Amino acid sequence: MRIPPDDLIGWFDSAERDLPWRAPGITPWQILVSEFMLQQTPVSRVLPIWPDWVTRWPTPSATAAATAADVLRAWGKLGYPRRAKRLHECAIAIARDFDDVVPDDVDVLQQLPGIGGYTARAIAAFAYRKPVPVVDINVRRVVARAVHGRADPGAPSANRDHADVAALLPDADRAARFSAALMELGAVVCTARAPNCAMCPLRSCAWREGGFPPGTAPKRPAQRYAGTDRQARGRLLDVLRDNEFPVSRAELDVAWPVDTVQRDRALASLLADGLVEQITDGRFALPGQDRNDSTASR
DNA sequence: GATACGTGGTC
DNA sequence: TGACCAAGTAT
């Protein structure tokens with residue numbers, strides 16, 4: 001089953017959300033920043049952060065000139081702070097190796113820190129209008145339903161997923177807009193929990209025509225958060241973000257007081273990820289931040 | 001392929 | 001209330 005490009009793009013022309021990174025004049029770097037922030041993160045959480053971020057650091061070289069500590073603080077509680085670290089590393093690489101210009105080639109992009117198959121294609125398509133398949137969870141869900149008649153996408157398979165979407169793409173001039181529309185449809189109409197089929201612009205849908213067969217129950221237990229190493233890492237990072245100067249181990253201990261083994265494991269993993277560093281006096285700080293404070297200054 | 005990796009909103 | 005979900009990447 002195919003998806004008529006005119007139906008989908010026509011719907012998108014009237015229903016497209018007014019997201020700031022889609023505005024005219026937004027640069028490839030600013031689009032790249034939005035894609036990093038949107039990895040596994042709802043639009044509503046990115047909206048308050050992205051405008052300030054791209055105003056403060058409008059280019060790769062401006063971002064590269066900041067410290068990792070500044071970047072991690074600006075990232076705040078967006079989640080997955082390794083993304084912020086990789087965005088910083090990505091900026092450094094583009095400033096150094098690509099003359100401050102975001103590459104437009106999928107394979108080149110994918111070599112950069114923090115850029116995988118989705119983000120590389122999103123930048124190529126949305127920043128450079130390249131006719132490459134852009135496959136995120138929204139697209140996989142829409143294709144699973146409209147094309148394959150299944151309630152949910154199966155396990156990701158890059159080659160198969162790209163081939164599925166490549167077969168749907170219209171002419172090169174409209175491919176990028178078609179991809180954006182496909183993502184938008186999955187994000188606002190053909191959603192995971194409560195698809196709004198009454199508002200769907202697709203004339204035909206294999207899932208609907210098959211009587212909405214249910215999906216299979218997930219095999220893995222639902223992701224939990226409370227009590228995990230992830231939560232412990234988050235608490236430790238909270239302390240470091242909130243302190244302008246390095247903090248002692250005792251100050252970190254307070255942030256995760258019960259399970260000392262877990263706390264040590266979390267701290268070790270943060271150090272290994274380069275999200276925290278230990279300075280010579282034994283205290284801890286965000287990477288690259290000012291080591292001076294009132295007691296250390298002479 | 002499975003797993004680790006944040007955080008907060010929603011039903 | 002707790003399970004599910006959100007524009008993924010790296011190992």
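This structure is a prediction, so every number in the text was calculated from the model and none was measured. Order of the sequence lines fixes the chain letters, A, B, ..., with proteins taken first and strands second; residue numbering starts at 1 for each chain.
At the heavy-atom level, A:G117 lies under 4.0 Å from the strands shown only through sugar-phosphate atoms. Residue contacts shown for A:A122 are absent, as no nucleic acid heavy atom lies under 4.0 Å away. Across all strands, A:R17 comes closer than 4.0 Å to base atoms (heavy-atom distances). Across all strands shown, A:T228 has no heavy atoms under 4.0 Å from either base or sugar-phosphate atoms. Within 4.0 Å (heavy atoms only), A:D273 reaches no atom of the nucleic acid at all. If you check every strand for non-hydrogen atoms under 4.0 Å, A:G116 touches sugar and phosphate atoms only. Within 4.0 Å of A:L19, counting heavy atoms only, lies at least one base atom of the nucleic acid. At the heavy-atom level, A:R241 lies under 4.0 Å from the strands shown only through sugar-phosphate atoms. Within the nucleic acid shown, A:W75 has no heavy atom closer than 4.0 Å to any nucleic acid atom. Looking at heavy-atom distances under 4.0 Å, A:I115 makes contact with sugar-phosphate atoms alone, never a base.
Side-chain contact between A:T27 and A:P58 is absent, with no heavy atoms from C-beta onward closer than 4.5 Å. Using a 4.5 Å heavy-atom cutoff, the side chains of A:T191 and A:N196 are not in contact.
Atom name C1', nucleotides B:dG6 and C:dC5: the rounded distance is 14 Å, in whole Å. Comparing B:dG8 with C:dT1, their C1' atoms sit 15 Å apart, to the nearest whole Å. Straight-line distance between the P atoms of C:dT9 and B:dG9: roughly 25 Å, to the nearest whole Å.
Between A:R233 and B:dG6 there is a side-chain polar atom (N or O) within less than 4.0 angstrom of OP1 or OP2. At C:dA6, one or more side-chain N or O atoms of A:R141 fall inside 4.0 Å of OP1 or OP2 (strictly under the cut-off). Contact annotation: A:T119 reaches the phosphate of C:dT9 (side-chain N/O to OP1 or OP2, under 4.0 Å).
Interface remark: the A:T41 side chain does not form any donor-acceptor pair with the C:dG8 base, using a distance-only criterion of under 3.5 Å. Residue-to-nucleotide contacts include no donor-acceptor pair under 3.5 Å from the side chain of A:R86 to the base of C:dT9. Judged by atom type and distance alone, A:Q39 does not reach the base of C:dG8 through any side-chain donor-acceptor pair under 3.5 Å.
Put simply, the residue from A:V142, A:L202, A:L182, A:V143 that forms a side chain to side chain contact (heavy atoms under 4.5 Å, CB included) with A:C190 is A:V142.
Stacking here means ring centres nearer than 5.5 Å and ring planes tilted less than 30 degrees, and by that measure A:Y80 stacks onto B:dG6.
The separation between A:Y225 atom OH and B:dC5 atom C1' is 10 Å, rounded to whole Å.
Nearest-nucleotide mapping onto DNA chain B: of A:P156 and A:P42, the residue sitting toward the 5' end is A:P156.
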Between the protein and nucleotides 1-3 of chain C, list the N/O to N/O atom pairs that are separated by less than 3.5 angstrom.
none

Donor-acceptor pairs are to be reported for all side-chain atoms of residues 98-105 of chain A against protein atoms at under 3.5 Å, with residues two or more places apart or in another chain.
residue	atom	partner	partner atom	Å
A:D100	OD1	A:S61	N	2.8
A:D100	OD2	A:S61	OG	2.7
A:D105	OD2	A:D107	N	3.0
A:D105	OD2	A:V108	N	3.1

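Proximity of the aromatic rings of A:W29 and A:W57 is defined here by a centroid distance below 6.0 angstrom, and this criterion is not met.
Side chain of A:D229, nearest nucleotide from B:dG6, B:dC5, C:dG8: B:dC5.
Under the 4.5 Å side-chain heavy-atom criterion for ILVMFWY residues, no single connected hydrophobic cluster contains both A:V188 and A:M199.
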